[in-house]
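Report on one structure; see the data block that follows.
Small disclaimer: the values here were computed from a predicted structure and weren't measured. Order of the sequence lines fixes the chain letters, A, B, ..., with proteins taken first and strands second; residue numbering starts at 1 for each chain.
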Amino acid sequence: MFRFGMQATLIKYLLASDAPVDEVCVQGWVRTRRDAKTFSFLEINDGSCLENLQVIVDATLADFEQVEKANTGAAIQILGKLAPSQGRGQAWEVVARSLAIIGEAGPNYPLQKKGHSLEFLRGIAHLRPRSNLFGCVFRVRSRLAYAIHRFFQERDFLYVHTPIITASDCEGAGEMFRVTTQPPTGRGGNGEGEPLKEFFGKPTYLTVSGQLEGEIFATALKNIYTFGPTFRAENSNTSRHASEFWMIEPEMAFCHLMGCMDLAESFVRYLVRDTLETCGTELKFFNRFVDRGLIPRLESIASRSFTRLNYGEAVKLLLASGKAFQYPVEFGSNLQAEHERYLTEVHFEGPVTVYNYPREIKPFYMRLNDDGKTVGAMDVLVPGIGEIVGGSQREERAEFLDRNMDRHGIEKEEYWWYRDLRLYGTVPHSGFGLGFERMLMLVTGVSNIRDVIPFARTPGSAEF
RNA sequence: UGCCCGGUAGCUCAGCGGUAGAGCAGGUGGCUGUUAACCACUUUGUCGCUGGUUCGAUCCCAGCCCGGGCAGCCA
């Protein structure tokens, strides 16, 4: 009967065919079925593209009684011929010679032909990739990951794998998840009264950033990047925070803050341009069903250079705006979300890079500027999301770094290897982190980070 | 973590102090090269949980659980 040895053709290739094909094999999942008296229309999707393939099953087929099991959601294989469609709406269709139900989907199959809310789909994260929207999201996600590697590889950046498990407990980026083999009670299981035995001999955590290790490799291989998962145990409950997310962190030796901003801006623009060029079908879908202004906004980002202003200028601009902000604008405090939104969405209507922040509001590793008040920090802000890139020039002078660590109450001994970099061949260097999911939100217009990651981990939620 | 909103059929939602409805999905029949197909008929509910008020609670009150929005933390 049916064997899987035969090569099935992806639907995206069938739909793009320029000639009929006598023998094709199609494998996929039924999206919908329309029955007539003497034949049925099946729409099949195999994930290769947004569009479904229409299949005609004639009642004279020996397998026709199988059609009643071809409900929405069923896995199916069809052998037949690719022919020009007699109906409107599609150029090609497959006239079935035989069909086999590979896996039935009962009447309780949760995904229906009608639209579903994103909240509902989050609850069925094991099925939502079969929906139009999430199929598009995850095809774009895959392409975006590829484009990231291309961008850096084309520029001779080396891909470095920094550790997931780390013993540095205050990298300045947030609360951390403990990694331990100890039972949840905290009792060691190694005899009464004995001290807890740490697997690694010291407390360990999931990484919140590969930056410090990235600096090690940058000061050896010059230009490097990391791209991997990151974990933050913050009790954040917003549409743009996740406990587990992916981050890209380039680090460049012999590079000042300006070069760092140049790279970050051209990186963001490259990724936007690549998505426009390679994911047109998906973007049209998002533009229609998710965010009407998406494609024009992406085209604008891809074609215009980013506005760049320092923190002091940003504060002045906000003060001069005359807008009544909920949080006051004042030199020395962080820009609030409403301030960032004003800059990107109202005043400049596009991405904005803000740099040289007061040193008090930034972590220990950022380089002190000559004014003694600001550090070489930079954030790239984009409309709708806010901060998508955060980076800095690193403090490469040992004595300055020591002072910073003292001021931040950091145990210098814990960072002996990080300090060593400043003692042996130290060099001005810079880098940044770009949130992969936030980038995905930017290019898809999807407004909740939980909807651009396959299985979201957020406070109180780790299903699947 | 704080403030705000919500939880009713498989899904989207309406309803209301007197014991529950629509559309879609599912089922049956019909019709059509259909395409979110159409027409007729039809099944389905611990109204989030626990307690309270009440003759009576899905509705009012309290606590809890879950979901969402916004803010902070950041990417």
Side-chain angles (χ1 to χ4, degrees), chain A residues 31-43 51-58 68 71-73 83-90 93 95 105-124 127 131-132 171-175 208-211 229-249 264 268 289 325-327 333-341 361-363 377 379-382 385-391 432-442 447-451 453 458-461 463:
Chain A
R31 281 297 179 79
T32 180
R33 185 182 88 220
R34 292 179 292 274
D35 292 329
K37 184 170 244 173
T38 58
F39 53 90
S40 285
F41 295 103
L42 294 177
E43 284 200 35
E51 293 82 8
N52 302 324
L53 175 74
Q54 176 162 288
V55 175
I56 316 298
V57 186
D58 196 87
E68 68 184 43
N71 290 330
T72 301
S85 177
Q86 297 170 36
R88 295 168 185 274
Q90 60 279 316
E93 64 192 17
V95 181
N108 287 335
Y109 182 64
L111 271 180
Q112 297 174 13
K113 295 190 261 187
K114 299 251 169 180
H116 293 286
S117 70
L118 293 173
E119 292 84 354
F120 169 73
L121 291 167
R122 265 172 229 153
I124 50 165
L127 297 173
S131 68
N132 285 335
E171 293 173 3
E175 298 293 313
V208 293
S209 165
Q211 178 198 320
T230 307
F231 308 88
R232 305 247 169 116
E234 304 284 355
N235 193 7
S236 303
N237 232 307
T238 81
S239 54
R240 56 193 189 284
H241 287 87
S243 310
E244 176 183 308
F245 62 98
W246 285 60
M247 185 158 66
I248 300 96
E249 295 182 284
V268 170
F289 293 108
F325 293 109
Q326 197 186 335
Y327 293 87
S333 57
N334 239 321
L335 297 182
Q336 303 290 313
E338 56 173 345
H339 306 147
E340 296 179 354
R341 254 203 303 279
I361 58 176
K362 290 293 178 184
D379 288 342
V380 177
L381 313 174
V382 294
I385 295 159
E387 184 176 344
I388 197 167
V389 167
F432 62 82
L434 176 132
F436 183 56
E437 284 76 19
R438 289 190 182 173
M439 190 66 213
L440 211 42
M441 292 167 72
L442 179 70
S447 61
N448 195 311
I449 197 167
R450 294 168 202 138
D451 299 326
I453 193 165
T458 52
S461 174
E463 194 65 54

*Are the ring of A/Phe245 and the six-membered base ring of B/A75 within the stacking cut-offs of under 5.5 Å and under 30°?*
yes

*Output the single nucleotide from B/C74, B/G33, B/C70 whose closest atom is nearest the side chain of A/Asn237.*
B/C70

*Using the test side-chain contact (heavy atoms from CB on, under 4.5 Å), find all partners of A/Leu118 that sit at least two apart in sequence or belong to another chain.*
A/Arg122, A/Leu133, A/Phe134, A/Asp451

*Mind checking the C1' distance from B/G17 to B/G56? Whole angstroms is fine.*
8 Å

*Starting at the 5' end of RNA chain B, which residue's closest nucleotide do you reach first, A/Ser243 or A/Pro459?*
A/Pro459

*Identify whether the distance between the nearest side-chain nitrogen and carboxylate oxygen of A/Arg34 and A/Glu43 falls below 4.0 Å.*
yes

*Of all the choices, B/A75, B/G68, B/C11, which nucleotide is nearest to the side chain of A/Ile449 once you look at every atom?*
B/A75

*From B/U34, B/A71, B/C11, pick the nucleotide closest to the side chain of A/His116?*
B/C11

*List in chain and number order the residues that pass side chain to side chain donor-acceptor pair (under 3.5 Å) with A/Glu93, two or more places apart in sequence or in another chain; answer none if no residue qualifies.*
A/Gln54, A/Ser85

*Is the phosphate of B/C74, meaning OP1 or OP2, less than 4.0 Å from a side-chain N or O of A/Arg232?*
no

_As a check on the pairing definition, encode RNA chain B in dot-bracket form, counting Watson-Crick and G-U wobble pairs whose two distances are under 3.5 Å, and using | for partners outside this strand._
(((((((..((((....[..)))).(((((.......))))).....(((((..]....))))))))))))....

_Distance test, side-chain N/O of A/Arg122 to OP1/OP2 of B/G68, below 4.0 Å_ = yes

